[in-house]
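What follows is a set of notes on a single structure, which appears directly below.
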Amino acid sequence: MLLKSERPKLTTVLSGLRHLLGRISMGEVRYLNSTLRAPWSIDVPVNTDGMQFHFNTGGVARVSTREQIITLHSGDILLFKPGMAHVICSSLDCSAIPFDKLPLKFVSEGYRTLELNGGGYTTNLLCGVISLSEAENRTLFTTLPDYLLIRTTAHHSSKLIRYFSELIMRETQENEKPAGSVITQLADVLMMSVLKECCNCVSSIPDSQIRYLNDQRIANAMQMLRDAPSAAWTLEKLAKKVGMSRTSFAVQFKDLVGHSPMDFLTACRMDQAFTALQYSDDSILSIALDAGYQSESAFSRAFKKAKGQTPGAVRKLAQNN
């Protein structure tokens with residue numbers, strides 16, 4: 001690992017953190033498999049809804065952030081926490097192409113390919129975004145460093161990461177047109193292993209950000225809201241489920257999480273609605289009803305406030321892509 005930090009002692013907090021990482025859904029991962037011949041440069045925009053990653057399956061690439069330049073060799077995996085804009089390129093003197101101007105080829109849901117032919121040496125990259133819920137962004141990944149760099153060929157890298165990274169590299173290098181389904185299935189396991197590895201890279205975690213993990217009742221309540229956001233939850237129902245009084249539950253939840261139970265529920269519902277708008281054919285009214293709203297207009301106002309764009313805009317963008 002590039003990150004130089006002292007490994008933390010095993011504590012209840014880190015145990016809970018590992019558990020939370022393990023529960024992140026890998027069902028919403030978007031992959032881009034690229035064959036890039038120098039010179040090339042891509043301007044990768046800020047993504048606040050997930051963690052962006054670049055897996056170099058062959059060749060050399062450079063990544064430029066506001067603060068530093070990172071060189072990716074074959075086998076390296078670079079993982080950014082949400083909100084990190086950067087440029088990835090063959091050399092720093094190339095003009096960057098905006099991501100939305102790239103000639104992407106749709107292969108299957110969640111899997112696209114890209115070829116840029118500058119005539120020079122070839123670099124193969126498997127890149128993508130691991131979508132996270134708004135709640136996960138707020139309560140977990142604010143604790144991580146800006147990025148993690150895993151050298152999969154290094155002896156201290158986990159055996160699981162080395163094994164699956166080698167399989168992906170073999171698939172992309174030995175096959176002129178690697179099967180997208182094979183790549184995505186292997187990459188799902190690889191990226192889950194990388195996320196779990198994140199726990200071993202955190203040397204100092206602010207207690208204020210993850211104190212809820214030490215309170216099993218509050219952690220259970222949060223998980224229930226994530227698992228069933230469309231249920232008709234009330235403070236009374238949640239408090240009863242975790243064996244607390246209504247008042248004690250409300251006070252303890254806000255103190256540990258930083259948001260009221262109902263605000264947290266709204267965030268979970270908006271995450272569910274955002275996913276439905278992108279990947280389902282349900283009408284906006286149907287999605288609004290599932291999110292607990294009685295009218296499309298009320299849902300649209302709440303959605304725009306939470307996500308910064310209207311439900312219609314999200315659906316139109318998903319259809320265009």
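Predicted model only: the values in this text are computed from it and were never measured.
Counting heavy atoms from C-beta outward, M224 and K241 have side chains that approach closer than 4.5 Å. Residues V314 and F274 meet the side-chain proximity criterion, which asks for heavy atoms closer than 4.5 Å. Taking the side chain as every heavy atom from C-beta outward, V251 and F253 never approach each other to under 4.5 Å. Using a 4.5 Å heavy-atom threshold, the side chains of I42 and C89 count as separate. When side chains are defined from C-beta on, F299 does not count as touching Q294, because their heavy atoms never get closer than 4.5 Å. Using a 4.5 Å heavy-atom cutoff, the side chains of L78 and I88 are not in contact. Considering only heavy atoms from C-beta on, L126 stays 4.5 Å or farther from L32 through its side chain. Counting only heavy atoms from C-beta outward, the side chains of I77 and L149 never approach each other to under 4.5 Å.
In summary, the side chains of S295 and S297 do present a donor paired with an acceptor at a separation below 3.5 Å, with no hydrogens or angles considered. A side-chain donor-acceptor contact under 3.5 Å links Y147 and Q68.
Under the rule for a side chain to side chain contact (heavy atoms under 4.5 Å, CB included), the partners of L289 that lie at least two apart in sequence or sit in another chain are L285. Partners of S300 under the side chain to side chain donor-acceptor pair (under 3.5 Å) rule, at least two apart in sequence or in another chain, do not exist in this structure.
Within the 3.5 Å criterion, the main-chain N or O of M262 finds no donor-acceptor partner in the side chain of W233. Judged purely by atom type and a 3.5 angstrom limit, T57 uses its side chain to pair as donor or acceptor with the backbone of N124. Side-chain N or O atoms of Q52 include one that pairs as donor or acceptor with a backbone N or O of P45 at under 3.5 Å. In this structure, N56 contributes its side chain and G59 its backbone to a donor-acceptor pair below 3.5 Å. Checking side-chain atoms of R269 against main-chain N and O of P229 turns up a donor-acceptor pair under 3.5 Å. The backbone N or O of M244 lies less than 3.5 Å from no partner atom in the side chain of S248, so there is not a single donor-acceptor pair. Of the possible donor and acceptor atoms, none in the side chain of R62 sits under 3.5 Å from a partner among the backbone N and O of V87. Judged by distance alone, with hydrogens and angles left aside, the side-chain atoms of K254 form no donor-acceptor pair with the main-chain N or O of P261 at under 3.5 Å. Using modelled atom types, one side-chain atom of S90 and one backbone atom of W40 make a donor-acceptor pair closer than 3.5 Å. Checking side-chain atoms of R315 against main-chain N and O of L277 turns up a donor-acceptor pair under 3.5 Å.
Salt-bridge formation is detected for the pair D271/K307: a Lys NZ or Arg NE/NH1/NH2 atom is positioned less than 4.0 Å from an Asp or Glu carboxylate oxygen.
Following chains of ILVMFWY side-chain contacts shorter than 4.5 Å, one cannot reach L92 starting from I97, and the two form parts of different hydrophobic clusters. Both F80 and F99 are part of a single hydrophobic cluster, where members link through side-chain heavy atoms under 4.5 Å apart. Hydrophobic clustering (ILVMFWY, side-chain heavy atoms < 4.5 Å, transitive): L102 and V63 are in one cluster. Taken together through direct or relayed side-chain contacts under 4.5 Å among Ile, Leu, Val, Met, Phe, Trp and Tyr, V60 and F55 form parts of separate hydrophobic clusters.
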Pair L114-L36, side chain to side chain contact (heavy atoms under 4.5 Å, CB included): steps then yes or no: CA-CA 8 Å; L114 169 67; L36 310 166; 4.0 Å; yes
Side chain to side chain contact (heavy atoms under 4.5 Å, CB included) evaluation trace for E115 with S34: CA-CA 6 Å; E115 289 190 20; S34 303; over 6 Å; no
Stepwise side chain to side chain contact (heavy atoms under 4.5 Å, CB included) test for T123 and Y121: CA-CA 7 Å; T123 298; Y121 66 87; 3.6 Å; yes
Full working for side chain to side chain contact (heavy atoms under 4.5 Å, CB included) between R112 and Y31: CA-CA 6 Å; R112 290 169 171 76; Y31 295 106; over 6 Å; no
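The environment of D281 atom CG is sparse: at most 12 non-hydrogen atoms of other residues, nucleotides or ligands sit within 6.0 angstrom.
Using the six-membered ring where Trp is involved, H54 and H86 have ring planes that are perpendicular, over 60° apart on the 30 and 60° scheme.
Minimum heavy-atom separation, D76 to H73: OD2-N, 2.8 Å.
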